[in-house]
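The analysis underlying the following values was restricted to heavy atoms, covering all of them including side chains, and did not include hydrogens, waters or symmetry mates. Residue numbers start at 1 and run along the sequence shown.
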Amino acid sequence: MVQVTAGWALSGKRPGSSDDYGVLNCSREPFSKASFGRILRQYGLGTPPAHRTGEGALPWVTVSWVGEAPDRYLGMSIEDWTEHRDGSGRPVAFTKYICVPYRDVQATPVSYAALYRELNRLELPMDGPEGDLVTLSPPEYSAADLARDIDRFDRKKVMRTAALLLDGRVDIVGAGEASLQDRLAFLDAVAALLPYGYRADFTGATWATGSANKIRLAFLRRARDNANEVGWRNQGERIPPSPTAGHYLQWLDRLLSRRDLPWLVGYLAGGAEPCDFSDKRSAVQHLADVEWPQQVARYAEERRQGKEEDARRLLLSPRRDEISPSAQGRVLAYLIRAAEPGDLKLIGERWDQVAATGGSELIEALVDAAARLLWREEPDKRVSDYVRLARERRLTDQFLAGVVEALRVPGFTGGAAKHRAALDMAADLIRDHVDPAAPAWANSKLLAELTNESRLAARLLVAEPGGADRVRAWVRWLGSGRSDALPGFGELLAGREISLKDFRGLMKGAPEWAAALVQVAGRLGRLEPVMPALIGWMKGQPEISLAAREFVKKTLSQMESEEPGGWGAADVVLLTVGAPCVHLKKAVLLPDPATYHSGFVWAWQRVRQDRGMAATFIRELASALRDQRPWAGGPARADTVINLVRAVIVEDEGLDWTILRTVLDTEPSDPALEGRPAFVELRRLLRENQGRFEPVFAPALGATPDGFTSDGYASDGFASDGMPPPGPPPPSLGAPALEGLGRLASDADVDTVADFYMRAMRPLEANVANATAAIKAVAAAGRLLKGAEAHTVVLRVWGSNVDGSNYQWADKQARLLVEAIAQGALGSAVARDFADALAGHASQEISYQLRLLEAVSSHAPFWEMPPQVRTRLEECKATIERLAKSGRGGLFGLGRRGKSGDG
């Protein structure tokens, strides 16, 4: 039984009146009284005969539709005589009309005969106000009953009538003696051999006396013009069907040769998507789709791309039962792999039905879907919904273990940042759904997988927000799955200092755990036990490689900590590897920055003993102060910066702090600093320090008391910041030839800087080492360059060295300067920015020149490219391809990243 609501109307004349026929009463919705009147007139069947029996006698039944998609309504009316008479004594006919929303019968079809019985029993009020909708309870569609009627009326005739309806109007003639019930059953039988969706455009009448222009299938005494005629007692094949209708008829024959009629009627009832007769190809396609479930199963087995909507439709349709449970499982797995979280409700509903035959495939598909969501450009947080689906079926361990395994060897494109984001999201999933202290997780598959995926396991600890107890639980759990414990974490949690031996062991075998140790210490506010080991490891290396610098930079820059003392120590270590400090600007905003100050000085006391680290620290501190100007904004901020710089100078006045004077003690002086009493003492320290070093080697580049030349190179050939020189240090680096260059203003323009550089280079041999010395002389003279400025200086140097049409000398000079900057003469941070500026300019210039050459080639057909030009272009192509294959290293090997954790 189906329950539907319907609008209604009653049309006729009031007894004893001389009014015309019209709507006497109706429901308040879905149409107005006037609209109901227009609908009834639209489907008018002509004037009924006066006789009460025989051919054409009332009652007449009309089936119709009204409205626009998606708000279509199925309509039905019954016109019959009443006992009333009008003012002239003539009998009065009433028409009862209902309209049912098509969407109410789309999923649960009803027949016209069932609607007729519901309408026939209604007593619609002639008088009174407009009423409510009526509720109808017709029985459900019976394919078996309809099949019996089709055979009763002659299967071939009903099939042909249905096919002819695709061509236009069809008239049934010679049925004057047939009962109303038989004529209505015939309409139902014909409609049953079309997809049910065509009822949204179907019109029919059990009898008509007029033209009935809007009626597609009607019983009449004689056929209308331009209508196909079907005889009630014979088929009347006067006009052959169109090719489409003929094709439809062939499909009906073909299917009935392999299937029984009730099945076919039921199958057609499933095609309930609203359809118009103008789209007659859809009817043919629906019959051709009989094998659709099997076809979708093949798509799923082959994992063919782009068939997700077919899989979704099949799983929602009763037709899924036409394929085996194992095939249904494959279709469900196919839909799961599409990784569309909106499908999870459907997936959950179908999972338990097919899990018995496809459980392992389903969990594998769920893992694949989660991996796809994690590897999107931005990891999709809705992946947690997939974990919940697994948890509801007690598959959390198997699911999470599969996700970890899937992330170990990425099957999707993406760089280190994308991989890190995926690992972070996976770590969040594990933390949200795993209790490391619960016995159930002691020997889990997930723990075994994490033993082989240390990067993800380390991320579990790094981002754990639950404090020391929660971290301790993770450490115990993760350690229980390893042959060796997690070195250092026990000491950290106990508040004991990490041994240098343990830290070196981590850096050698599992640098991701070393990074996690530092970052967990920062989150817990316990950096003091860890920083000595980190600094000791850095100092213990004969040279800090670029990979080691990147490890320190990434570890400390990404560290989350609320410990101001740890901020200070981290900033110092960052500066020693050529990275900008990340906490200074927020430290000066603290109500009491003393803890940051203490941590900063504490770390400086430990790194200053390594002269290479100390020199890099001084240079990068100057760069940070120049770029960030953390003293701006108030006296308290200025005092914090002044006291911090003064404290580190006092710790080791034997170092050359001259470069800081070019930032702090400027002309004109910065008002924010000049007005502070503490600045007087800082200025004195800076001037005394400059006086101590300048007579010995400034403005020339002679040796310092520590055995370093002022360009940063020691007598053993290694730079003071740990970077090796491009070649053996030339004897001219300390020669008097570089004396007398004078100083540069801190805001000197790039032309002045280029001129200073060229004067420094002019007496020296043209090689990279001397170019390094000359560009370092620029910094020593008081002008700190940024990356883009350094690139502009290169362009100025090239332009100044061009001699007539001879570009070779200019090219060589510019290349020497580029290599010097790229190898770190101005610091690694400047080198990276410089490489970006150079690459941008070079790519724009290449593109521009090629467009000019293309314009010549297009507009000068007489011109042929010279062989030497063609050769040079091929060489350029090879160079571009070589650079593109160099990965993220960029031009000249700058900014190369080691593998994650490469120490």
Side-chain angles (χ1 to χ4, degrees), residues 415 546 578 580 623 626-627 723 726 744 747-761 766-768 770-772 774-779 783-857 869 871-897:
L546 184 57
S623 180
R626 179 197 64 194
D627 294 342
M723 294 289 287
L744 285 167
D747 59 348
D749 60 44
V750 290
D751 288 326
T752 303
V753 173
D755 180 68
F756 185 99
Y757 168 82
M758 290 172 61
R759 285 191 288 117
M761 274 294 289
N767 57 44
V768 175
N770 285 332
T772 299
I775 193 61
K776 281 178 177 276
V778 171
R783 179 63 163 91
L784 299 179
L785 292 172
K786 296 182 180 180
E789 293 177 325
H791 175 249
T792 306
V793 169
V794 170
L795 297 179
R796 298 291 193 274
V797 168
W798 181 87
S800 299
N801 277 287
V802 172
D803 181 14
S805 60
N806 181 10
Y807 292 90
Q808 293 183 355
W809 174 252
D811 291 345
K812 179 178 181 179
Q813 291 294 320
R815 185 175 180 84
L816 293 176
L817 180 53
V818 166
E819 291 182 5
I821 298 171
Q823 291 176 5
L826 296 175
S828 58
V830 173
R832 283 190 292 272
D833 293 342
F834 169 75
D836 289 341
L838 176 61
H841 174 80
S843 60
Q844 288 179 353
E845 184 64 24
I846 291 170
S847 176
Y848 170 68
Q849 295 295 344
L850 288 177
R851 286 199 299 272
L852 293 182
L853 193 58
E854 188 176 30
V856 170
S857 176
V869 175
T871 300
R872 195 176 298 127
L873 288 175
E874 288 295 330
E875 292 173 352
C876 291
K877 178 182 177 182
T879 301
I880 291 171
E881 290 177 348
R882 186 170 63 255
L883 287 172
K885 291 178 181 178
S886 67
R888 297 185 63 188
L891 296 176
F892 312 111
L894 286 174
R896 296 189 184 277
R897 305 293 197 267

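Not counting sequence neighbours, the partners of Val778 by the side-chain contact (heavy atoms from CB on, under 4.5 Å) test are Leu744, Val753, Phe756, Tyr757, Ile775, Arg783, Leu785. In this structure Asp751 satisfies the salt bridge (Lys or Arg N to Asp or Glu O under 4.0 Å) test together with Arg796, sequence neighbours excluded. The side-chain contact (heavy atoms from CB on, under 4.5 Å) search around Glu845 returns Tyr848, Gln849, not counting sequence neighbours. With sequence neighbours excluded, no residue forms a side-chain contact (heavy atoms from CB on, under 4.5 Å) with Ser843. Evaluation of the side-chain contact (heavy atoms from CB on, under 4.5 Å) rule for Leu795 yields His791, His841 as partners, not counting sequence neighbours. Residues passing the salt bridge (Lys or Arg N to Asp or Glu O under 4.0 Å) test with Asp833: none are found, sequence neighbours excluded. The side chain to side chain donor-acceptor pair (under 3.5 Å) check on Ser800 picks up nothing, with sequence neighbours excluded.
Minimum interatomic distance between Ala774 and Ala760 (heavy atoms only, all atoms of both residues): CB-CB, 3.8 Å. Closest approach of Ala837 and Gly787 over heavy atoms only: CB-O, 4.4 Å.
Contact of the Leu826 side chain with the Phe834 side chain is not registered, since no non-hydrogen atoms from C-beta on lie closer than 4.5 Å. At a threshold of 4.5 Å between non-hydrogen side-chain atoms, the residues Leu873 and Leu850 count as touching. Here the side chains of Leu838 and Ile821 are not in contact, with every heavy-atom distance at 4.5 Å or above. Counting heavy atoms from C-beta on, the side chains of Arg626 and Ser623 come closer than 4.5 Å.
Ion pair Asp755/Arg759 flagged as a salt bridge, since at least one NZ, NE, NH1 or NH2 atom sits closer than 4.0 Å to an Asp/Glu carboxylate oxygen.
Taken from CE in Met761 to CG in Leu816, the straight-line distance is 5.5 Å, to the nearest 0.5 Å. The OG1 atom of Thr792 lies 11.0 Å from the CG atom of Asp749; values are rounded to the nearest 0.5 Å.
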